[in-house]
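A note on names: the letters A, B, ... follow the listed sequences, proteins ahead of strands, and every chain is numbered from 1. Treat the numbers as computed from the prediction; the structure is a model and nothing was measured.
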Amino acid sequence: MAGIIPLTMPKFGLAMTEGKIASWTVPEGARIETGQEIADIETTKITNGYESPVKGILRRRVAAEQQDLPVGALIAVVADASVPDSDIDAFIAAFEAEFATGHTGEQAETAPEPLTLDVGGRAIRYLETGREHAGTPIVLIHGFGGDLNNWMFTQPVLAADRRTIALDLPGHGGSSKDVGAGDLTTLSRAVTGLLAALDIPKAHLVGHSLGGAVALRMALDTPNRVASLSLIAPASFGEEIDGGFIAGFIEASRRKQMQPVLEKLFKDKSLVSRDMADDLLKYKRLDGVAAALGTIAATNFANGRQQEILSGRLTELRGLPVQIVWGDADEILPVAHAANLPAGIATHILPDSGHMPQMEKAAEVNRLIADLVATADARFQPT
Amino acid sequence: MQMNRADLLHAYRTMRTIREFEERLHLEFATGEIPGFVHLYAGEEASAVGVCMHLTDRDKIASTHRGHGHCIAKGVEVQGMMSEIYGRKDGVCGGKGGSMHIADLSKGMLGANGIVGGGPPLICGAALTAKTLKTGGVAVAFYGDGASNQGTTLESLNLASIWKLPAIFVCEDNGYAESTASSYSVGGSQAKRAEGFGIPCQEVDGFDFFAVHEAARVAIERARNGGGPSMLHVRLARYFGHFEGDATTYRAPGEVERIRNEQDCLRRFRQQVSDAALLDSGELDVVDREAAEAVELSVRGAKAGAPPTEADLLTDVYVAY
Amino acid sequence: MSKKSYRTAINEALRQEMRRDPAVILMGEDIAGGAGAPGEQDAWGGVLGVTKGLVGEFGRERVLDTPLSESAYIGAAAGAAATGLRPVAELMFVDFVGVCFDQIFNQAAKFRYMFGGNARTPLVIRAMYGAGFRAASQHSQCLYPLFTHIPGLKVVLPSSAYEAKGLLIQSIRDDDPVIFLENKVQYDEEEDVPDEAYTIPFGEANLTREGRDVTIVAFGRMVKIANEAADRLLKQGISCTVLDPRTVSPLDTGTILDCVQETGRLVIVDEASPRCNMATDVSALVAQEAFGALKAPIRMVCPPHVPVPFAPNLEDLYVPNADRVEAAVRAVMGFKARELA
């Protein structure tokens, strides 16, 4: 049945096994564009706008609102107006029959799993997707207390046409909890080391918050390894930081304490789910995490001030495509840090976003990253 | 085995201190100033001292309700003990344990014990620690003829035997479990019980310090050298009741008097060292005086000591809760 | 992180702590199995295979098969704990505590207090509890109220695989005697459990569901049953908080009271015999400290006051289930004050 395109329940992050359409935002029969948000999808972890990966006519909304569906289940069908309804019905029936007969198991097996490599004596966990694509890979570096799941809305989109690697910094996620001095140099060397181990000579770096500072540190130290820099609410752009967030994150041992801390990360506080808080508490209970976070905080954010300011050195990155992305309602690192940067650095202030624009404004952030990557590649590609 | 003068003096001083301590408690208890109840060790001194002379702080002992002698022999401070018995805050257990629970883990003294037969399993554990961590230490369970009938004791003999633990079981048989004679309550014999578990047992005259000392030396050396557990069956007598206030009507008229006069371990020790010209009675008299003074001081200190405060009621239950 | 069973989670906790700390030893009946026998060593790995494979890595010096002699080896574990080891002694079925209660409650539990704060007894006693195994009256009891009654003991009831690993590692590192009770019908239940070592602090309740209408406090395996009932009730418009205390000593009384203040209704699900159990304990707490918040009488969902029966149909009647929890929640929701008259 040519011309009929199934839309399926996406997988946001490693742990997602099912989700539901919180609400459809487009009626049946509407013409939709690639990248257009057509529904809100809710998981136990977070709710996010779902962008259509294709264009065409939304012929059928298969999933009912509030219906729990496994990842990979059919949620909608896109086809031209010329396709008869009977074909659509037959397609849906065939898809669902196949899905019901163990197709799910196959899907789970093919879902990418994070791997671990030894990098200078530390285990570094990373998730690699889009390996089949050529071109300079994209590397995603999370912030303080985060992990590779922070890119759950970023990585799948970028990996559609680009090798994309998200990693856990030392002290975070599934990586070794040994952070050494916990400074930017130590952290950025872990990234450099991972890329060397993966035989990646050069990468587009996307860094968020502390990960932004790590990416910038890496670009300053090993400029030949960096193809472009997308820095999202990066640290090291000024002294101010919400020290209460850092202390609160380290302190919290119960969901009740963690929830208000996490709410500072988002403009839309309702995005903080029980599972998000639970996952972070589970992470914090791992041996070595308390010490690792304490060391990183003490080294980088002593007395509620950022210690290593690198934004003044952006001018040293001659010719490197750099962009800064910041949510206008960031409560952790002030958006004012995005002002007064050297000329030639594109700055994007996103409205209605807190400290996590890659989650709150995923579509825009994804487009900005893709655009800069394309620009950078074009500039360095011999034509 | 020949003992040097210093050791002989130490042995005598320790036995005399125990005797003074217990006889003084006998008097003080009658005044009603000491709470609860006490079980006195007077008469049995040669056993505790003869065994503990071979031990250092890394070696562990577990004691019984009749534990003062074992505590003193293992090096627990007399003042701390006396204050504890008076329920004082500066007692060795802060006034929370009392006579039946005096312990000083820093001295390897794992506690007197209010539960008859409580000690032997603990000693298996202490011996297991020594064996696992290779400390070179040994562990000694003191227990009475009453406890010899507890399942815990018999199970511990078995466990020590199969695990070849560096443990010594010292059965202090004073002839009475409370008011019941061991001739009535103990079936078979201690030695045959030990033999049944594959453990060597030495019958020891508990009125003879030197006999205890030598038997203990053999058993402890064997344990230290990886030879496994031993039992000492030490026959002795207590001079007072099961507890203070026990009228001991179950004992034969004149029984204690006769033992005190004819078999007393301290008297015998003096005789032995004098006969062998090892110590003269003058220096032993000095020890007697000093021991009496030390106990006198401890009683004065204990009487003057403050009780625990209200806040102490709630502390020391857990390391953290 | 991967799916692991309750059994594997416990095994992994033991293995990781034994690797980390040479003072950690295991002892118990058949925890390796085959000691002195001509056949396979590690023949059993515990009666239900929880300690399987550990003797291979750590040897019989640290994985000690004991004789069937609970008084001796539980007492030995207490003595070893007081003198420098961190023993994890397995009592197999908690019902066997009858032959070693003295070593637990008169010895290990009291050392610290009796000795004026000068003792540390880092002892863990692991045992299986609970009905549903067709094991009848002497192999099916809960008994955690007995241990909870004793000052000096800590009592842990892991409700799932994730909880079991983190709470067991915490128990082993804890410097006080801990009774760690494993529900024998949960050993094959799986969930995501981190590969790394982690600890869950004692005395911090976990809210497995959060709701507005009714607080359900549930213990051990009953947490799962309470969750099931809460999920069903939510579909019918009744939203419940399910509170898993994780440890019954210490007990997170603060969170229990907070939840009751928020919902005003309380149902307690306890598999232990109904007299002087955790349900009565929590009821007394709430009656004394949060009486004014209650909109309905407290309901306790417990077994009847009888020994655990053998016949499967009787045992199924005995153990609380989601239907009974659901009914209790409906009852407190439907309560009208005039019914008191």
C:Arg20 bridged to C:Glu17 by N-O distance under 4.0 Å: yes
Quick one: which of [options] has the most heavy-atom pairs under 4.5 Å with chain B, could you say?
options	result
C:Gly36, C:Ala109, C:Ser249	C:Ser249
C:Asp176, C:Ile25, C:Asp102	C:Asp176
C:Glu70, C:Lys154, C:Glu61	C:Lys154
C:Gly152, C:Pro87, C:Gly117	C:Gly152
C:Pro67, C:Ala78, C:Pro177, C:Gly203	C:Pro67
C:Asn118, C:Leu64, C:Asp174	C:Leu64

Side chain / backbone / both / neither for [X] at chain B, heavy atoms under 4.5 Å:
X	result
C:Ile74	neither
C:Phe111	side chain
C:Phe115	both
C:Thr66	both
C:Asp175	both
C:Thr121	neither
C:Leu123	neither

At a heavy-atom separation under 4.5 Å, does [X] approach chain C through its side chain, its backbone, both, or neither?
X	result
B:Thr315	backbone
B:Asp104	neither
B:Ile162	side chain
B:Leu105	side chain

Side chains of [X] and [Y], donor plus acceptor under 3.5 Å:
X	Y	answer
C:Glu90	C:Tyr73	no
C:Asn206	C:Asp244	no
B:Asn113	B:Arg66	no

B:Cys52 to B:Ala73 - nearest heavy-atom pair and separation: CB-O, 3.5 Å
Between B:Gly94, B:Ala103, B:Cys124, the one whose heavy-atom pairs under 4.5 Å with chain C are most numerous: B:Ala103
Interface residue of largest heavy-atom contact number with chain C, from B:Ile115, B:Thr152, B:Leu159, under 4.5 Å: B:Ile115
Nearest-0.5 Å distance that lies between atom CZ in C:Arg15 and atom OG1 in C:Thr51: 10.5 Å
Backbone N/O of B:Gly80 and side chain of B:Ser83: donor-acceptor pair under 3.5 Å: no
Sidechain-backbone polar pair: B:Glu84 side chain, B:Gly98 backbone, donor-acceptor under 3.5 Å: yes
Centroid-centroid under 6.0 Å between C:His149 and C:Phe147 rings: no
Ring centers of C:Phe96, C:His139 separated by less than 6.0 Å: yes
Trace of the ring pair (Phe, Tyr, Trp, His ring centres under 6.0 Å) decision for B:His68 with B:His39: CA-CA 8 Å; B:His68 304 162; B:His39 309 79; 8.5 Å; no
B:Phe142 and B:His70 aromatic ring geometry - parallel, tilted or perpendicular at 30°/60° bounds: parallel
